[in-house]
Amino acid sequence: MYDAYLAAMATAAAALIGLLFVAVSVRDDTIFGPNAMPGGEALAITAFTGLVNSFVVSLLGLIPKINIGEPAVIMAVISIVAIVRLQRRLHTGRTLIVLAITLLAYAAQFGLGVLLLVDSHDSDQLINLSIIIFVTLIASLQRAWSLLKGKHVASARGTAMTGDHDPPHGPDPESFRLHPWLQKRRGRVR
């Protein structure tokens with residue numbers, strides 16, 4: 001009954017995971033590693049977590065005789081653990097509202113998954129789970145797009161100017177506009 005929707009969600013999530021990999025590869029030095037800008041790693045990890053969550057739940061929901069509640073519960077737990085571990089490791093205080101909304105969405109997914117484990121034919125709960133998966137996918141898309149646009153770089157520059165925290169270490173963010181290989185080809189690297 002929901003096969004077309006789940007297939008579309010799985011396809012969209014897979015395509016967006018590809019977009020995320022492109023975004024990370026374009027701005028790899030500002031996202032991971034010693035010269036990473038604040039917020040870049042958090043954007044990448046939370047976007048990846050949300051996209052994988054949507055992909056796995058949707059794809060496994062297409063398998064006949066599998067109760068979609070199982071992957072929903074399992075992926076909700078994995079996603080909650082990943083987000084909490086990221087929050088502890090990065091100590092990012094600015095994203096508490098986003099963190100709360102994200103954790104609430106995964107908690108709702110967990111609860112709906114449990115309800116679907118009890119009654120796999122409850123179409124109201126399946127609709128609610130479908131909406132949660134959609135919202136997770138859209139939020140992850142927004143995060144991937146922010147990475148591609150370099151919002152974490154602009155944010156790091158803005159907070160450095162206002163003195164909210166220490167300026168980012170490493171090369172000037174302007175040098176990340178072109179991949180180093182392209183900079184060499186254009187003669188911009190000395």
Side-chain angles (χ1 to χ4, degrees), residues 1-28 30-32 37-63 66 68-87 90 92-116 122-156:
M1 183 153 125
Y2 291 94
D3 288 354
Y5 173 79
L6 293 174
M9 288 300 292
T11 303
L16 293 173
I17 289 170
L19 170 67
L20 180 62
F21 283 124
V22 169
V24 169
S25 68
V26 167
R27 302 203 176 271
D28 61 340
T30 67
I31 296 170
F32 296 109
M37 300 291 168
E41 183 178 0
L43 274 174
I45 291 173
T46 55
F48 184 73
T49 301
L51 292 172
V52 168
N53 176 68
S54 297
F55 177 72
V56 169
V57 173
S58 298
L59 194 61
L60 292 178
L62 288 170
I63 299 174
I66 286 194
I68 195 169
E70 293 174 31
V73 167
I74 292 168
M75 290 306 298
V77 169
I78 290 170
S79 299
I80 289 169
V81 168
I83 299 299
V84 169
R85 288 181 67 200
L86 175 69
Q87 184 71 20
L90 295 180
T92 54
R94 292 176 174 233
T95 59
L96 289 179
I97 293 172
V98 174
L99 173 69
I101 292 169
T102 304
L103 290 176
L104 184 62
Y106 290 132
Q109 177 179 315
F110 179 85
L112 292 168
V114 169
L115 291 173
L116 285 166
D122 187 346
S123 62
D124 289 338
Q125 301 312 329
L126 188 55
I127 289 170
N128 292 334
L129 178 62
S130 298
I131 291 169
I132 292 293
I133 292 170
F134 178 75
V135 167
T136 304
L137 182 101
I138 294 301
S140 300
L141 171 63
Q142 184 274 330
R143 290 175 182 147
W145 186 251
S146 292
L147 274 175
L148 190 60
K149 288 177 66 177
K151 292 220 174 185
H152 62 288
V153 175
S155 164

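For the atom pair OG (Ser130) and CG (Leu6), the distance works out to 6.0 Å, reported to the nearest 0.5 Å. Distance check, rounded to the nearest 0.5 Å: CE of Met9 to CG of Leu62 gives 11.5 Å. In this structure, the separation between CG on Leu141 and CG on Leu51 is 7.5 Å, given to the nearest 0.5 Å. Interatomic distance, Leu126 CG to Ile133 CD1, rounded to the nearest 0.5 Å: 8.0 Å. Atom CZ of Phe110 is separated from atom CG of Leu129 by 13.0 Å, given to the nearest 0.5 angstrom. Note that CD1 of Ile80 and OH of Tyr106 are 9.0 Å apart. Values are rounded to the nearest 0.5 Å.
Using a 4.5 Å cut-off on side-chain heavy atoms (C-beta onward), Arg143 and Leu20 make no contact. The shortest distance between side-chain heavy atoms of Ile127 and Ile131 falls below 4.5 Å.
Contact between Ser54 and Leu137 at its shortest, heavy atoms only, is OG-N, 3.6 Å. A pairwise comparison of heavy atoms in Ala108 and Ile132 identifies CB-CD1, 3.9 Å as the closest pair. Closest approach of Pro71 and Ile68 over heavy atoms only: CD-O, 3.2 Å. Here the closest heavy-atom approach between residue Ala72 and residue Gly113 is recorded as CB-CA, 4.0 Å. When all heavy atoms are compared, the tightest approach of Leu116 to Asp122 is CD2-O, 3.7 Å.
Residue pairs meeting the side chain to side chain donor-acceptor pair (under 3.5 Å) criterion with at least one member in residues 43-53, sequence neighbours excluded: Asn53-Gln109.
Residues passing the side-chain contact (heavy atoms from CB on, under 4.5 Å) test with Ala10 are Phe55, Ser58, Leu59, sequence neighbours excluded. In this view, Ile101 and Ile97 satisfy the side-chain contact (heavy atoms from CB on, under 4.5 Å) rule, not counting sequence neighbours.
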Worksheet item: Could you walk me through whether Leu16 and Leu19 pass the side chain to side chain contact (heavy atoms under 4.5 Å, CB included) check?
Response: CA-CA 5 Å; Leu16 293 173; Leu19 170 67; 4.1 Å; yes
